[in-house]
Asks: 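To start, I am sharing the structure in question, which I have written as structure tokens.
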Amino acid sequence: MSHTRVDWFNYFMSIAEQVSTRSTCDRKNVGAVIVRDKVILSTGYNGSLRGAPHCDDAGHDMENGHCVRTVHAEANAVAQAAKNGVNINNSEIYVTASPCLTCFKLIANSGISTVYYKEFYRDERIKRYADEAGVKLVYMGESNAKEG
């Protein structure tokens with residue numbers, strides 16, 4: 001019986017989707033996985049500050065239509081790497097939704113070279129900033145990775 005192996009792009013994106021199930025903000029579940037040379041370096045999901053009440057328990061802290069109680073998945077993945085002394089320079093990040101502008105700037109300045117994302121979320125400016133910073137954005141719609 002023939003077995004078809006999933007490609008690396010979809011493998012890491014499916015892990016990011018699994019990571020998103022740990023999210024503690026019911027407004028949007030996002031997961032992120034930082035990878036270099038096909039090895040997972042760090043993961044993150046959107047949730048409250050470590051030790052603080054979760055949105056799901058304490059309610060949302062809304063500002064301009066956004067819940068600001070949470071730390072975004074990408075920022076948590078970068079912070080987790082920093083906390084554990086993991087070098088993420090020249091790595092890639094897989095995110096279930098494209099980063100906000102603040103997270104994109106953090107990604108770019110941390111040395112991540114490529115952002116793979118499944119759903120485009122809110123901010124078109126990241127495309128211009130990515131061009132300026134030399135960071136590659138890859139849209140993964142359906143099951144195939146596509147540059148964009």
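Please read these numbers as outputs of a predicted model, since none were measured by experiment.
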Asks: Should the ring pair Tyr11 and Trp8 be called parallel, tilted or perpendicular, given that the plane angle runs from 0 to 90° and is split at 30 and 60?
Replies: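 Geometry flag for Trp8 against Tyr11: perpendicular rings.
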
Asks: What is the distance from atom CD1 of Ile126 to atom CD1 of Ile107, rounded to the nearest 0.5 Å?
Replies: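 Output value for this atom pair is 8.0 Å.
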
Asks: Counting C-beta onward and ignoring hydrogens, is there a side-chain heavy-atom pair between Ile15 and Val35 closer than 4.5 Å?
Replies: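 Result no, sub-4.5 Å side-chain heavy-atom pair not found.
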
Asks: Is the shortest side-chain heavy-atom distance between Thr24 and Cys55 below 4.5 Å?
Replies: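 Side-chain contact under 4.5 Å: no.
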
Asks: To the nearest 0.5 Å, how far apart are OG in Ser110 and CD in Glu74?
Replies: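 If we round to the nearest 0.5 Å, Ser110:OG and Glu74:CD are 11.0 Å apart.
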
Asks: Between Glu119 and Lys28, is the closest basic N to carboxylate O distance under 4.0 Å?
Replies: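 Yes, Lys28 and Glu119 are salt-bridged.
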
Asks: Within the 3.5 Å criterion, strictly below it, is a donor on Ser23 or Asn46 matched to an acceptor on the partner's side chain?
Replies: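 Yes, side-chain donor-acceptor contact under 3.5 Å.
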
Asks: Measure the NZ-OG distance between Lys118 and Ser98 for me, rounded to the nearest 0.5 Å.
Replies: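 The distance works out to 14.0 Å.
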
Asks: For the ring-ring contact (aromatic ring centres under 6.0 Å, His included) test, which of Phe12, Tyr139, Phe9 pairs with Tyr117?
Replies: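 So, applying the ring-ring contact (aromatic ring centres under 6.0 Å, His included) to Tyr117 and each of Phe12, Tyr139, Phe9, only Tyr139 qualifies.
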
Asks: Heavy-atom distance under 4.5 Å between the side chains of Met140 and Asn10, does that happen here?
Replies: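 A side-chain contact exists here, since the closest heavy-atom pair is under 4.5 Å.
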
Asks: Would you say Arg50 has more than 12 foreign heavy atoms packed within less than 6.0 Å of its CZ?
Replies: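 12 or below, so no.
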
Asks: Say you draw a straight line from CD1 of Ile34 to CD of Gln80; how long is it, rounded to the nearest 0.5 Å?
Replies: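 Going from the CD1 atom of Ile34 to the CD atom of Gln80 covers 10.0 Å.
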
Asks: Answer yes or no: are there more than 12 heavy-atom neighbours, outside Gln18 itself, under 6.0 Å from its atom CD?
Replies: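 Atom CD in Gln18 is not packed in, count stays at 12 or less.
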
Asks: Looking at Asn89 and Gly111, what are the two nearest heavy atoms and their distance?
Replies: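 Looking at all heavy atoms of both residues, the shortest contact is OD1-CA, 3.3 Å.
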
Asks: If you take the centroid of each ring, where Trp contributes its six-membered ring, are Tyr94 and Tyr116 closer together than 6.0 Å?
Replies: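 For Tyr116 and Tyr94, the ring centres are under 6.0 Å apart.
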
Asks: Please step through salt bridge (Lys or Arg N to Asp or Glu O under 4.0 Å) for the pair Glu63 and Arg69, ending with a clear verdict.
Replies: CA-CA 10 Å; Glu63 188 176 286; Arg69 180 184 296 281; over 6 Å; no

Asks: Measure across Ser20 and Gly31 and return the closest heavy-atom pair with its distance rounded to 0.1 Å.
Replies: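 Heavy-atom minimum between the residues: CB-N, 3.3 Å.
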
Asks: Nearest 0.5 Å, what's the CG-OG1 distance between Asn29 and Thr21?
Replies: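 The distance works out to 8.0 Å.
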
Asks: Work out which heavy atom in Val19 is nearest to a heavy atom in Gly44; give both atom names and the distance.
Replies: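 Looking at all heavy atoms of both residues, the shortest contact is CG1-O, 3.2 Å.
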
Asks: Any side-chain heavy atom of Cys25 sitting closer than 4.5 Å to one from His60?
Replies: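 Yes, their side chains come closer than 4.5 Å.
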
Asks: Do Met62 and Val30 land in one hydrophobic cluster if side-chain heavy atoms of ILVMFWY residues count as linked below 4.5 Å?
Replies: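 Cluster IDs for Met62 and Val30 differ.
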
Asks: Is the backbone of Ser91 close enough, under 3.5 Å, to the side chain of Ser113 for a donor and an acceptor to pair up by distance?
Replies: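 Flag set: sc Ser113 to bb Ser91 pair under 3.5 Å.
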
Asks: Shortest non-hydrogen contact from Val138 to Thr114?
Replies: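 The answer is CG2-CG2, 3.9 Å.
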
Asks: At their closest point, which heavy atom of Ser42 faces which heavy atom of Ala77, and how far apart are they?
Replies: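 That closest heavy-atom pairing would be OG-O, 2.6 Å.
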
Asks: Quick check on the hydrophobic clustering: are Ile93 and Val71 connected, directly or via other members, by side-chain heavy-atom contacts under 4.5 Å?
Replies: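 No, Ile93 and Val71 fall in different hydrophobic clusters.
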
Asks: Rounded to the nearest 0.5 Å, how far apart are CG of Leu41 and CZ of Arg36?
Replies: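 It comes to 5.0 Å.
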
Asks: Do Glu92 and Lys136 pass the salt bridge (Lys or Arg N to Asp or Glu O under 4.0 Å) test, and can you show the C-alpha distance, the side-chain angles, and the key distance before you say yes or no?
Replies: CA-CA 9 Å; Glu92 305 171 329; Lys136 191 163 133 183; over 6 Å; no

Asks: Would Ile112 and Val78 count as a side-chain contact (heavy atoms from CB on, under 4.5 Å) here? Give the steps.
Replies: CA-CA 10 Å; Ile112 294 172; Val78 170; 4.3 Å; yes

